[in-house]
Amino acid sequence: MSLHQRFSFQNGAALLDKAGQLGIDIPFTEDISVLFEKKSIASRTLSNRFAVHPMEGFDSHTDGSPSDRVFRRYLRYAAGGSGLIWFEAASVVPEGKSNAHQMMLTGANLGQFKQLLKKVKSSARQTFGPNHDPFCVLQLTHSGRFSKPSGTPKPQVAGLIPQMDGDEPSIKIFTDAELDFLQGQFVESAKLAYSAGFDAVDIKACHGYLVNDLLASFTRSNSKYGGSFSNRTRFLLETVQKIHSEIPDLLLSVRLNIYDGLAHPYGFGVSSDGSLDVDLKEPTLLIERLVKNGCSLLNLTLGNPHKKPHLGRPFDRPLVLSAVPSEHPLKGVGRLLQLTAQIQKLFSQIPIVGTGYSWLRQYFPQVGAAAVKRGEVSFIGLGRSSFAYPDAPKDLMETGRLNRKKVCVTCSCCSELIRAGYPTGCVIRDKTIYAKEYSDHFGKGRRR
Ligand SMILES: Cc1cc2nc3c(=O)[nH]c(=O)nc-3n(C[C@H](O)[C@H](O)[C@H](O)COP(=O)(O)O)c2cc1C
């Protein structure tokens, strides 16, 4: 019998029973009041523990500026009540975009971003009162191996990974000089983000994109950015240091893969013995240095969505034509929670946003609250759930529970849309737009 099963729990006890059978520790409490406690990030105080994770929409204008769809998405988040809104991956250079419609902040479109921030903040205050000021982070990225700036793949990497790249001759390997230039572009984008009114910028160092690729560039030779731990972490640490010293009032965050799930010498946070075992030695050392260099917030995640999506986003249904994982989704949730807990316990001085909650549907608040109470995480990050149910925090504030009919069902339709290069959102719960687009693109017969 397959170990992978869909969500089928009628109550919290059934969920905990299953976790017990699988030998996984899932924290759980009926008292979710801690999720409405304030929490500080450096000098800022946030009104609650809910965070919208960064989620690319592939729906910006081709100059990177926010379209009406982008405004709609972020205004839905604002009206939903999360204390922290993490804006999606925005490319620092046009060639590093994952799609022609990826977000990108430039001098020319700064005005539109100012407008977006202003509207998001004022709409949140209007709904929740003058003291509710959502903390807005912009994620900065270069898509590296997954760059597709105008529709066709244009991979640009720190080094080749045979199981991802095969013997693809057209892959571009960055020179050190090109990486130096890109580092400057991260700093320039951070300056623009500060002018636009973001509270913080995030350097995306996860999911196999360029900065994550660099952390695992064990095989890159004759380069200050490859080989040893200090070379592999140089790009990220120096970027953080430079942004911190040039824009001291802008807070800094890193979304970090603490386990890539690719065997050595191709994965960060993975044992060097050739197995797929987790080894948090390097991630821990890196976090210690990030904090020293001015990073005041972390968002932890795992895996590579293009290779092993179940590690970072446990789901009921895989993408069409993708394999069903050989583990129970709760195992994936447990791994995300436990590895995050280990880091949060080591670094109690830095707030950490956790990942892995959407698969839990209506029980994510009980699990998240228990994790916060245990000191195992500071903010409950919600990705696909935010597409499906952006007003989950508001419903919890008003009624103390979630509406089962609004929760994310982890069907992977949002991932299928984006993988095919289309604008994305929730096909099940935001039907008026995305159900139609899903069947327009894939045909009515495709399963949901
Ligand atoms: C359509 C889609 C777009 C995403 N875009 C981003 C992104 O821009 N940056 C990022 O760090 N993660 C991105 N992710 C990953 C999510 O932020 C999150 O880590 C993942 O969905 C797991 O959280 P969840 O279980 O709450 O959905 C994306 C995921 C999906 C499905």
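Keep in mind it's a predicted model, so treat the numbers as computed, not measured. Here, residue 1 is the first one in the sequence, and each next residue gets the next number. For the numbers below, each heavy atom of this structure counts, side chains included, while hydrogens, waters and symmetry mates do not. Indexing begins at 1, ligand by ligand and atom by atom, following the structure's order.
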Return a table of N or O atom pairs, ligand 1 on one side and protein on the other, at distances under 3.5 Å, rounded to 0.1 Å.
| from | atom 1 | to | atom 2 | distance (Å) |
| --- | --- | --- | --- | --- |
| ligand 1 | 5 (N) | Glu56 | N | 2.8 |
| ligand 1 | 8 (O) | Glu56 | N | 3.2 |
| ligand 1 | 8 (O) | Ala89 | N | 3.2 |
| ligand 1 | 9 (N) | Gln139 | OE1 | 2.7 |
| ligand 1 | 9 (N) | Lys204 | NZ | 3.3 |
| ligand 1 | 11 (O) | Gln139 | OE1 | 3.4 |
| ligand 1 | 11 (O) | Gln139 | NE2 | 3.1 |
| ligand 1 | 11 (O) | Arg255 | NH1 | 2.8 |
| ligand 1 | 12 (N) | Pro54 | O | 3.4 |
| ligand 1 | 12 (N) | Arg255 | NH1 | 3.0 |
| ligand 1 | 17 (O) | Pro54 | O | 2.7 |
| ligand 1 | 17 (O) | Arg255 | NH1 | 2.9 |
| ligand 1 | 19 (O) | Arg255 | NH1 | 3.3 |
| ligand 1 | 19 (O) | Arg255 | NH2 | 2.8 |
| ligand 1 | 25 (O) | Arg384 | NH2 | 2.7 |
| ligand 1 | 26 (O) | Ser358 | OG | 2.6 |
| ligand 1 | 26 (O) | Gly383 | N | 2.7 |
| ligand 1 | 27 (O) | Ser358 | OG | 3.4 |
| ligand 1 | 27 (O) | Arg384 | N | 2.8 |
| ligand 1 | 27 (O) | Arg384 | NE | 2.7 |

task = For atom CZ of Arg374, decide whether the heavy atoms of other residues, nucleotides or ligands shown that lie under 6.0 angstrom number more than 12.
result =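 Count over threshold, so yes.
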query = Around atom NZ of Lys172, are there more than 12 heavy atoms of other residues, nucleotides or ligands at under 6.0 Å?
reply =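 Correct, the count exceeds 12.
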task = Could you tell me whether Asp199 and Lys121 make a salt bridge, using a distance below 4.0 angstrom between a side-chain N and a carboxylate O?
result =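 The answer is yes: the pair qualifies as a salt bridge.
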ask   = salt bridge (charged side-chain N to carboxylate O under 4.0 Å, His left out): which pairs involve residues 134-151, sequence neighbours left out?
value =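 Sorted pair list: Arg145-Asp165, Arg145-Asp213.
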message = Filter on ring pair (Phe, Tyr, Trp, His ring centres under 6.0 Å), then keep only pairs touching residues 374-408, sequence neighbours left out; what's left?
response =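 Listed once each, the pairs would be none.
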ask   = Partners of Asp440 by salt bridge (charged side-chain N to carboxylate O under 4.0 Å, His left out), sequence neighbours excluded?
value =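 Salt bridge (charged side-chain N to carboxylate O under 4.0 Å, His left out) list for Asp440, sorted by chain: Lys436.
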